[in-house]
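Reviewing the structure listed below.
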Amino acid sequence: MKSRHVNLLRLMATLSILPSLSLVPAGFAGKAMAQTVANSASPSPDRRQKDDDVLNEFRMMGRMYDIGGSLARNDDLALYWYQRAAANGDMRAISNIANHYYDGRGVPKDIDKARQLYEQAAAAGVTVAMTNLGYHYYVGDGLAKDYTIARSWYQKAADAGDPIGYLYLGYIFSNGFGVTEDHVIAHGWFEKAANKLDARAMEELGVDFQQGVGVPLDFAKARDWFMKAAAGGVGDAMNNLGWMYERGQGVAVDLQAALDWYRKSADAGSADGTNNLGRMYRTGTGVPQDYAKALDLFEKAAGLGNNYANYNAAMLYERGLGVAQDPVKAIEWHQKAADKGDPDSEYELGGFYMRGEGTDQNFAKAKDLFERAFQGGNAKAGNEVGQLYLNASGVEQDYSKALDWYRRAAAAGDGSGMTNIGLMYHDGLGVEKDVAKAAEWYQKAADAGNAFGMENLGAMYRDGDGVPQDYSKAYSLFRKSSELGDAASTNEVGRLYEDGNGVSKNPQEAARWYQAAAEGGDSYAMTNLGSLYENGTGVDQDYAAAMTWYQKGADAGNHYAMEGIANLYEKGLGVKRSKAKAAEWRKKAKVAKKNS
C-alpha cells in the first residue's frame with residue numbers, strides 16, 4: 001500500500017512568494033510588522049471596505065511580481081507590495097513574508113522569526129498560515145517533526161473550513177502519525193476536502209475504495225474518484241487508473257488504456273506513473289520491449305522520489321539489460337534505494353559484498369545488509385545469513401545459527417530456506433541425520449516453487465533415499481525444476497532417458513536434454529554428452545565432439561570429464577595415443593575428485 005503522505009509546497013495567501021526585504025523602493029519606510037495590528041485605528045464600515053480593497057490590491061500587486069507573467073518577476077517589488085499590505089494590518093501578507101524568512105531568500109534564513117509571523121497571522125484567522133505551520137511540523141522541515149503539533153494546526157485550519165486542513169488530517173489518521181491509525185476517520189476527512197473540490201483528496205478517496213481501507217472494496221467507486229482527481233490534474237490518480245486497466249480492477253484488462261494513463265501520469269510529473277511506464281517498457285507489456293527507454297524512465301522516476309525506480313534502474317545495470325553490465329553502477333543505484341529502506345536493494349547489495357563483485361569483499365557488511373533486508377520483509381535475505389554461518393563466511397561456522405536463520409527464512413515463505421533445512425537433516429549438519437524429515441522439507445520447498453528443493457527431492461525418489469524409489473516421481477520433479485531453469489535437473493532428465501528409468505529409453509532424447517543442460521553450464525551434462533559422442537549413442541559417433549565436451553567439463557572442474565579425456569588419449573580415439581597424457585589427465589582427475 002502506498003504511503004498517504006503527499007509532499008506539498010508551502011502555501012501562500014495568494015500564491016508563492018518571497019523577495020528581498022532589504023531592497024525596497026526609495027522613500028518607503030514600512031512600519032514594524034509586530035506593531036501593525038496594535039497601532040491600526042478602527043475604521044468605519046465604509047472605510048474598512050475601501051481599506052480592504054486597497055490591501056487586496058497591494059497583495060495582488062505583490063503576487064503579480066512574485067509569480068511573473070504579465071509583469072516580469074521581481075522579488076524586491078513583490079515584497080514591497082506585500083509589506084505595504086502587511087504594514088496596514090493585512091495578515092495574509094504577513095503569512096507570505098513568513099515564507100520568505102523560512103526560505104532565507106533575500107534575508108538571512110530565520111526559522112524562528114518565520115514561525116512567529118505564521119503564528120501572528122494564524123491568530124488572526126489566516127488559515128494558510130495554520131496549514132503552513134502544520135506542514136513544517138508534519139515533515140520536520142526546519143522545525144522539529146511533531147505530529148501532535150502539526151495535527152493541532154491542521155485541526156484549527158479544518159475548524160475554519162480549510163480543505164488543506166481536512167486533507168492533512170486525513171493523511172495523519174490514515175498513516176497513524178501521532179494518532180492511532182484509523183482509516184474510517186481518515187476517509188471522513190478526505191470526503192470533507194473532496195467536497196471542497198480538492199483533487200488530491202479525491203485521489204485518496206479512490207485509493208480507499210481501490211484497497212478497501214476504511215470503506216468496502218469498490219473498484220467502480222475507486223475509478224470514479226480517480227477520474228475526478230485526474231480531471232483535476234492529479235498525476236497519481238492517472239497512475240492508479242493505469243494500474244486498474246493493467247490489472248483488470250473493475251474494468252476489462254486493457255494494456256493500451258493502461259499505457260495511455262501511465263503516459264499521462266508521467267507527463268503530469270507522477271513518480272509512480274513514470275516508474276510504471278518504465279516497467280511496461282522493461283517487460284515489453286503492451287509495447288515493444290525497450291530497456292534503454294525503461295532505464296531513462298526509471299532514472300526520471302527516481303529523481304521524482306520513487307524508490308522502486310532506484311531498484312529498477314539498479315537491476316538493469318546489474319544484469320546488463322539495455323546497458324553494459326556494470327556492478328559499480330548497480331551498487332550505486334541499489335545504495336540509493338537501500339538508503340531509503342528498500343529491502344530488495346539491501347539484499348542485492350549484500351550479494352555484491354558477499355561476492356566481492358564491483359566492490360571489496362566484505363562479509364560483515366554483507367551480513368548486516370542481509371539482516372536489515374530480512375527485517376524489512378525480504379525472506380531470501382534470511383537464507384543468505386544462514387549460508388554465511390554454514391560456510392563460515394566472515395563468522396565462525398555455526399550450524400545451529402545457520403539452521404535458525406534457515407527456519408526464519410522458511411517461516412517467511414522462502415523456498416531456499418526450506419531446501420537448506422532439508423539439506424541439514426539429510427546430511428546431519430547440526431542436527432541428527434533424518435532423511436524422512438529432509439524429504440518433508442524438500443517437499444515444502446518444492447510446493448513453494450523452489451527448483452533446488454524439487455531437484456533434491458527428485459534425487460531422493462531416484463535413489464530410494466528415505467522414500468520408496470519412484471522414477472516417475474523423480475522424472476516429474478526433475479522436469480519441473482528444469483522448467484525453472486535448473487541445469488542440473490535438466491541433466492537428470494537426460495539420464496533418465498538414457499537409462500530408461502521412469503520413461504521409455506530414448507538415447508536421442510537423452511542427448512537433447514544433455515545438450516540443453518550443457519549449454520546451461522552443467523559440467524555433468526557436458527561429460528555425459530561427451531560420452532554419447534564417444535560411444536555413438538543417440539548421436540553419430542564423433543571423437544572430436546567428444547573431446548570438445550569433455551574439455552568443457554574438465555575446464556569446469558569435473559573429474560569424470562577429465563577421466564573421459566584420459567580414456568581418449570589412452571585408446572587413441574580422435575587423438576594420437578599417449579599414455580603420458582592419459583596419466584596426466586588421470587592425475588588431474590584424482591586431484592579434482594579429492595577437492596570436490
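Predicted model only: the values in this text are computed from it and were never measured. This chain uses plain numbering: 1 for the first residue, then up along the sequence.
- The distance between the ring centers of Y308 and Y311 does not fall below 6.0 angstrom.
- Contact detail for V234 and A199: the closest heavy-atom pair is CG2-CB, 3.5 Å.
- Residue pairs meeting the side-chain hydrogen bond (donor to acceptor under 3.5 Å, both in side chains) criterion with at least one partner in residues 147-158, sequence neighbours excluded, are Q155-D159.
- Put simply, the side chain of R200 reaches to within 4.5 Å of the side chain of L167, judged on heavy atoms.
- The two residues A72 and Y65 have their closest heavy-atom pair at O-CD2, 3.6 Å.
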Stepwise side chain to side chain donor-acceptor pair (under 3.5 Å) test for E332 and Y317: CA-CA 10 Å; E332 177 186 331; Y317 281 111; over 6 Å; no

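- Remark: of the listed residues D236, N275, N276, D236 is the sole one forming a side chain to side chain donor-acceptor pair (under 3.5 Å) with S270.
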Step-by-step salt bridge (charged side-chain N to carboxylate O under 4.0 Å, His left out) determination, R279 to E246: CA-CA 12 Å; R279 179 175 52 78; E246 183 184 353; 2.8 Å; yes

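- Nearest heavy atom pair, residue A201 against residue F190, reads CB-O, 3.4 Å.
- In this structure, L295 and V323 have side chains that are in contact, with non-hydrogen atoms separated by less than 4.5 Å.
- The two residues D486 and A451 make their nearest non-hydrogen contact at CB-CB, 4.1 Å.
- A salt bridge links R372 with D368; the closest basic N to acidic carboxylate O contact falls under 4.0 Å.
- A salt bridge does not link K380 to E384: none of the charged side-chain nitrogens sits closer than 4.0 Å to a carboxylate oxygen.
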Check against side chain to side chain donor-acceptor pair (under 3.5 Å), R319 and Y291: CA-CA 11 Å; R319 295 173 180 173; Y291 291 123; over 6 Å; no

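- When ring centroids are compared, Y102 and H136 come within the 6.0 Å threshold.
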E181 and N175: CA distance, side-chain angles, deciding distance, side chain to side chain donor-acceptor pair (under 3.5 Å) verdict: CA-CA 6 Å; E181 187 174 309; N175 287 294; over 6 Å; no

Derivation of the ring-ring contact (aromatic ring centres under 6.0 Å, His included) call for H187 and F209: CA-CA 10 Å; H187 187 82; F209 283 112; 5.4 Å; yes

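- Among all heavy-atom pairs drawn from A314 and W333, the shortest one is CB-CB, 3.5 Å.
- Using a 30° and 60° split on the angle between ring planes, Y171 and Y168 fall in the perpendicular class, above 60°.
- The distance from the CG atom of L259 to the OH atom of Y281 is 7.0 Å, given to the nearest 0.5 Å.
- Counting all heavy atoms, side chain and backbone alike, M91 lies closest to V126 at CB-CG2, 3.5 Å.
- Residues that satisfy the side chain to side chain contact (heavy atoms under 4.5 Å, CB included) test with A445, not counting sequence neighbours, are M418, T419, N450.
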Intermediate values then yes/no, side chain to side chain donor-acceptor pair (under 3.5 Å), S265 and N239: CA-CA 5 Å; S265 177; N239 169 66; 4.8 Å; no

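- Taking 4.0 Å as the cut-off between side-chain N and carboxylate O, E119 and R115 count as a salt-bridged pair.
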Verdict with reasoning, D198 to K196, per salt bridge (charged side-chain N to carboxylate O under 4.0 Å, His left out): CA-CA 6 Å; D198 188 293; K196 290 270 193 174; over 6 Å; no

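- The residues D260 and K264 are annotated as not salt-bridged, no charged nitrogen and carboxylate oxygen being separated by less than 4.0 angstrom.
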